[in-house]
Amino acid sequence: MKLITTAIDYTNGAPHIGHAYEKVLADVLTRYERFAGREVYFLTGVDQHGQKVQQNAEKEGVHPATYSNRVTKGFIKLWDKLDVKYDGWASTTDQRHITCVQAILQKLYDDGQLYKESHKGFYSIRQEQFLTDRDRNDEGEFGPEWGEVEEVEEENWYFKLSDHIEWLRNHVETHPDFVFPQFRRQELLNALERSDKGDLCISRPKSRLRWGIELPFDTDFVTYVWFDALTNYISFAGYQAAENADLPVFEKLWSNTTHIIGKDILVPPHGIYWPIMLHAIGFSDDDMPRLLVHGWWNIRGEKMSKSLGNVVDPDQLADTFGADGLRYYLMRDISTGGDSDFSPERIIMRFNSDLANDFGNLANRTLNMTKRYRGGVLNCGDYDDELCLDVRQVAEQTRKDYTDAMNGDLPHLALEHVWKLIVRANKFVEQTAPFTLAKEESESAKLDAVLYHLVEVIAEVSLLIAPVMPQAAANLQDQLRLTPEQRTTLLSDMAWGLLPTGHETGKPKPLFPRLQLEEETEG
RNA sequence: GGGGCUGUAGCUCAGCGGUUAGAGCAGGGGACUCAUAAUCCUUUGGUCGAGUGUUCGAUUCACUCCAGCCCUACCA
C-alpha cells in the first residue's frame with residue numbers, strides 16, 4: 001500500500017492557490033494510484049498549534065482552538081469544493097496525535113537524545129525564531145521584516161541532530177529517489193555537505209507559548225513546531241496507535257510513502273529534520289519516505305505574497321472555472337517540481353481552448369452525430385480502413401504515454417498525451433466527414449465504424465482524465481451511459497473495445513461551456 | 001562568497017554537435033458544417049541573452065559577461 005501525504009497547513013490565514021495546488025496534486029496522484037489498481041491512502045490536514053495562531057487568537061480575544069478551528073473549516077470547505085478527497089485528516093490538536101508526539105519525545109528522552117541548555121538572544125515574535133547577528137541590516141538593527149524583536153534568555157530542550165547528520169548524508173547519497181526532482185536532491189546534498197549544524201531546539205517555555213503539546217518529562221515546556229508538525233505523518237498513519245484509535249494499520253501504510261511538499265520546506269525540515277527524527281526513533285533505511293518537492297505559482301512574474309496584495313483565491317477561481325477547470329489548469333500548466341506563472345488570461349485560454357474547444361466539443365459533436373444518425377446505438381461492424389486503424393493506434397500509444405507520465409508523477413505530461421488523442425479524433429471527424437457519409441446509404445458501414453471509433457475514444461478519454469477531472473469524467477460517462485463496470489475499468493485493463501455493439505449513448509450536453517473573455521477593465 | 005537553475009517566435013514552453021530551429025495560444029488566409037462562432041487545412045513571425053573559444057560545422061560543448069531566480073554561507 002502507498003501512503004501519500006501533503007504538508008499540513010498552518011491555520012493562521014485563508015488558503016491560497018499554492019495550498020490548493022499541493023492538495024490537488026496529491027489528490028490527482030492518489031486517484032491515479034486507484035485507477036492503476038493500487039491501494040493508496042491519502043493523508044492531509046492542518047497544523048493548529050504555534051505562536052502566530054496564539055497571537056491571532058489573542059487579538060480577537062478568543063481561545064486559540066476557536067480561532068484555528070474556524071480557519072480549519074475554511075480549508076476543509078475548500079478541499080470539499082475542489083473534490084480533494086482524503087482518507088485521513090491530520091489535526092495537531094487531536095489527542096491521538098498528542099499522545100504519539102509525547103511518546104516519541106519520551107522515548108528520545110529516555111534514550112538520552114535530548115538535553116536542556118540555556119540560550120540568550122534576540123527573538124522575533126513574527127518569525128518565531130531566535131535571530132543572529134547576520135539577520136541585522138546595514139544599520140546593525142533588526143529590520144521591520146522581523147516584526148517585534150525582544151531579548152530573552154531561556155532554557156530549552158535540544159535534540160541531538162548532529163549525531164545523525166553523517167547517517168543522513170550517506171542515506172541521501174545512496175538513495176537517488178529520496179528526493180524528486182533531482183536538482184532538489186542536489187540542493188539537499190549541498191546543504192548537508194558543509195553542514196556542521198548544531199542541534200535542534202525543540203521546545204518553548206510555557207511562559208511564552210502555551211498553545212502546544214506539553215513535554216512529558218518537563219511540563220514547563222511545550223514542544224515547538226518540528227516534533228509537533230512533522231510527526232503527523234506517522235501519528236495519523238497509526239504509528240503506535242491504540243487499538244481503538246480508529247487509525248490505519250501503520251505497518252501496512254508506511255512501506256511506500258511519498259511526502260508532497262513545497263520547495264520552501266525541503267531544507268531543513270523535510271530534508272534534514274524529518275529523516276533524522278525517524279532514524280532516531282528506530283526507522284530503518286528501508287522505511288525512509290520519499291519527498292516529492294513541488295514549485296510555486298508566481299503571479300504575473302512576481303512572488304505571491306500578502307504584502308504585494310496579489311494573493312490568488314482558489315475559491316473564486318473554482319466559482320468561475322469549476323473545480324475541474326481549476327484542477328485541470330493547475331495540473332496542466334506547471335511541470336512537477338518547477339515554478340509556473342499564474343495569470344487570468346492563461347487559465348481562460350486553457351479552459352476555452354483545451355477544455356471547451358478541443359475536448360468538450362469533440363464529445364459533444366460525437367454524441368450528437370451518434371444520436372442523430374444512429375439513434376445513439378453503436379455498431380462495431382466489419383468495416384475498417386487506414387484512418388480507423390491509425391486512430392486505434394494513437395489511442396493505444398496514448399494509454400502507454402499516459403501511464404509512463406503518471407507513474408513518473410508528471411500529470412502535465414500525461415494530459416498533454418491525452419490531448420494528442422483528442423486532437424487526432426477531431427481531425428478524424430474532418431477526414432471521414434460522418435455528416436457526409438450519413439447522406440449516402442452505401443456508406444452506412446463506414447459511418448458505423450467512424451462513429452464507433454469516436455465514441456470509443458471519448459469513452460477512453462473519460463477514464464484517463466478522471467483523476468484530474470472527476471466531475472467532468474462522470475458527467476461525460478453519464479452522457480455515454482457507461483455501466484458502473486465500464487466506469488471502474490482499471491488502467492491496465494483498458495484496451496480498444498470498451499463499448500460493445502448495441503451500446504446506446506445518451507443525450508449530449510456541453511461539458512465545458514465556453515467562457516466569454518471578460519471586458520477589459522478600463523482604468 | 002559557494003552551488004544550482006533560467007534566458008529559443010507577441011505569450012507559455014519543447015528541442016538538439018550537423019540537412020531549411022519546433023509545439024500550443026495569439027495574428028493572416030482558406031475549407032467544412034456534426035458541434036460550445038467550434039473543428040480541419042494553410043500561413044506570417046525567431047540574428048535560439050551577448051561575446052570568445054573548441055570544431056569541418058554550435059542554438060546545442062567550454063569559458064567570460066549581462067539579466068532574472070533559487071538554495072546555502074561567511075566575512076564579522
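Numbers restart at 1 for each chain; the letters A, B, ... are given by sequence-line order, proteins then strands. Because only heavy atoms are used, hydrogens play no part in the values below, and waters and symmetry mates are left out as well, while side chains stay in.
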Asks: Can you tell me how far P of B/U36 sits from CD1 of A/I348, to the nearest Å?
Replies: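 Distance, rounded to whole Å: 22 Å.
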
Asks: I'd like the P distance from B/U55 over to B/G15, given in whole Å.
Replies: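 About 29 Å, rounded to a whole number of Å.
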
Asks: Decide yes or no on side chain to side chain contact (heavy atoms under 4.5 Å, CB included) for A/W296 and A/D264, but give the supporting numbers first.
Replies: CA-CA 9 Å; A/W296 282 353; A/D264 53 320; 3.2 Å; yes

Asks: Distance under 6.0 Å and angle within 45° of the ring axis: does A/R204 meet both against A/Y224?
Replies: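 Cation-pi check for A/R204 and A/Y224: passes.
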
Asks: Identify whether any heavy atom of A/L266 sits under 4.0 Å from a base atom; if not, whether one sits that close to sugar-phosphate; answer base, sugar-phosphate or nothing.
Replies: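 Counting heavy atoms under 4.0 Å across all strands, no contact is made by A/L266.
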
Asks: Quick one, which residues of residues 388-426 of chain A touch RNA chain B with a heavy atom under 4.0 Å?
Replies: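 Hits under 4.0 Å, by residue number: A/V423, A/N426.
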
Asks: Between A/Y328 and A/W419, does the ring centre distance come in under 6.0 Å?
Replies: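 Yes, they do, as the ring centres are separated by less than 6.0 Å.
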
Asks: Using atom CG of A/L355 as one end and atom C1' of B/C25 as the other, report the distance to the nearest whole Å.
Replies: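 Interatomic distance, CG of A/L355 to C1' of B/C25: 14 Å.
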
Asks: Can you work out whether A/L188 or A/G360 has the more 5'-proximal nearest nucleotide on RNA chain B?
Replies: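 Of the two residues, A/G360 wins.
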
Asks: Would you check if A/R290 and A/V179 make a side-chain contact, meaning some heavy-atom pair closer than 4.5 Å?
Replies: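 They are not in contact (no side-chain heavy atoms under 4.5 Å apart), so the answer is no.
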
Asks: Report which part of the nucleic acid A/P434 touches: base, sugar-phosphate, or nothing (heavy-atom distance under 4.0 Å, all strands).
Replies: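 Nothing, no heavy atom under 4.0 Å.
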
Asks: At under 4.0 Å between heavy atoms, what does A/D358 touch on the DNA or RNA strands: base, sugar-phosphate, or nothing?
Replies: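 It contacts sugar-phosphate atoms only.
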
Asks: Just to be sure I understand the geometry, which residues of residues 364-376 of chain A put a non-hydrogen atom under 4.0 Å away from RNA chain B?
Replies: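 Per residue number, the list reads A/N364, A/R365, A/N368, A/M369, A/R372, A/Y373.
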
